[in-house]
Amino acid sequence: MPWLKNKIIPQIVDRKQFEASFNLDKYYGFAAQILYHFVLSGCFATAIYTSDNTLYHLATLAEPAYCTFDILLLLFTGVSFTHWQLKPLLVHHTISCACCHALMYGIPESMYGKLLQLVFHLSSGFCLGIANLLQTPSLKLSTLQRLWLQVVSMMFWAATRVGLVFLLGICTLMDAARIHPAQYRQVMVELNAAAIGSFAFVVIKTPIITRALQEAIQESLGKGRRVTRVHERS
């Protein structure tokens, strides 16, 4: 991840296009995290298709390992990989560790558990990807394009992290009762902890997405008013 952030991505996305005050370290950190989420999405999709438990275990362990690395980075350097503060990092760590233990050790055979992790990583990669696209000057996005990207991001976030995660969570608990009745209580406690963390994460992140959407709408309306004034004068 640091190699991607500091060496590879800066060669692909030229730093000269950004203003001097722009936080490039944060931008490249999120770009590396986006690739990480999409790689893990591919791993989970492959594990689901091939029933490869080894790949599933490795992909599941990757998230708590990354979260632990990010928290240690913040504690020792004062800056996390993507410049997150301690609160969202701890929430993220709670989700990953609870999901890892419950899904991999409690109910590794659950298809819903695998789908749940796929949705987590796919939705994160997709929405973070749009956020980084909107900050890339070389793309020269119009006001309307920026607005539509924000709308798509908001709709995708709502459909996956609110709707789909809720349904898959219920199905996973039902699977736990069917597959391992003896471990159901433990799995339920861990998944509930992950669910609380996921809800807290939604609470933290949703205002950021909605604020960006509001800014895009205001920018679009402001440009529309300027165009109207120009026509009136002509």
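Quick note: residue numbers are just sequence positions, from 1.
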K114: salt bridge (Lys or Arg N to Asp or Glu O under 4.0 Å) partners, not counting sequence neighbours:
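For K114 there are no salt bridge (Lys or Arg N to Asp or Glu O under 4.0 Å) partners, ignoring immediate neighbours.
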Looking at side-chain heavy atoms only, is the closest gap between T136 and Q17 below 4.5 Å?
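Sidechains of Q17 and T136: in contact.
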Test item: V165 and L116 side chains (from C-beta on) under 4.5 Å apart, heavy atoms
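In short, these two side chains touch, coming nearer than 4.5 Å.
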Where do [X] and [Y] come nearest, in terms of heavy atoms and distance?
| X | Y | value |
| --- | --- | --- |
| T172 | G113 | OG1-N, 3.8 Å |
| L141 | L149 | CD1-CD1, 3.8 Å |
| C43 | A59 | CB-CB, 4.0 Å |

Spatial distance of atom [atom1] ([X]) from atom [atom2] ([Y]) [nearest 0.5 Å]:
| X | Y | atom1 | atom2 | value |
| --- | --- | --- | --- | --- |
| N6 | Q11 | CG | CD | 11.5 Å |
| N23 | T82 | CG | OG1 | 10.5 Å |
| N132 | I34 | CG | CD1 | 4.0 Å |
| Y112 | L118 | OH | CG | 14.5 Å |
| L75 | S80 | CG | OG | 10.5 Å |
| L74 | I71 | CG | CD1 | 8.0 Å |

Could you list the cluster mates of V39? Members are the ILVMFWY residues connected by side-chain heavy atoms closer than 4.5 Å, either directly or through other members.
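Joined to V39, directly or through intermediates: none.
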Running the 4.5 Å side-chain criterion over Ile, Leu, Val, Met, Phe, Trp and Tyr, what cluster does V79 land in, apart from itself?
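Members alongside V79: none; it stands by itself.
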Who passes side-chain hydrogen bond (donor to acceptor under 3.5 Å, both in side chains) against [X], sequence neighbours left out?
| X | answer |
| --- | --- |
| S123 | R161 |
| Y36 | E63 |
| T68 | H93 |

Any pair with a residue in residues 24-35 that passes salt bridge (Lys or Arg N to Asp or Glu O under 4.0 Å), sequence neighbours left out, goes on the list, sorted by first then second residue, please.
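Checked against salt bridge (Lys or Arg N to Asp or Glu O under 4.0 Å) - neighbours excluded - the pairs reaching residues 24-35 are K5-D25.
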F166, CZ atom: more than 12 neighbouring heavy atoms under 6.0 Å:
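No.
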Tell me whether [Y] is reachable from [X] by hopping between hydrophobic residues (I, L, V, M, F, W, Y) whose side-chain heavy atoms are closer than 4.5 Å.
| X | Y | result |
| --- | --- | --- |
| I48 | L55 | no |
| L72 | Y66 | no |
| L24 | L35 | yes |
| I9 | F81 | no |
| Y56 | V119 | yes |

Which residues pass the ring-ring contact (aromatic ring centres under 6.0 Å, His included) test with [X], not counting sequence neighbours?
| X | answer |
| --- | --- |
| F38 | none |
| F156 | F126 |
| H121 | H37, F44 |
| F18 | F22, Y27 |

Given side chain to side chain contact (heavy atoms under 4.5 Å, CB included), test T160 with L122 step by step and report yes or no.
CA-CA 9 Å; T160 53; L122 189 61; over 6 Å; no
Could you tell me whether the side chain of S124 and the main chain of F120 form a donor-acceptor pair under 3.5 Å?
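Checked: pair present.
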Sequence neighbours excluded - side chain to side chain donor-acceptor pair (under 3.5 Å) pairs with any residue from residues 39-49:
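Listed once each, the pairs would be none.
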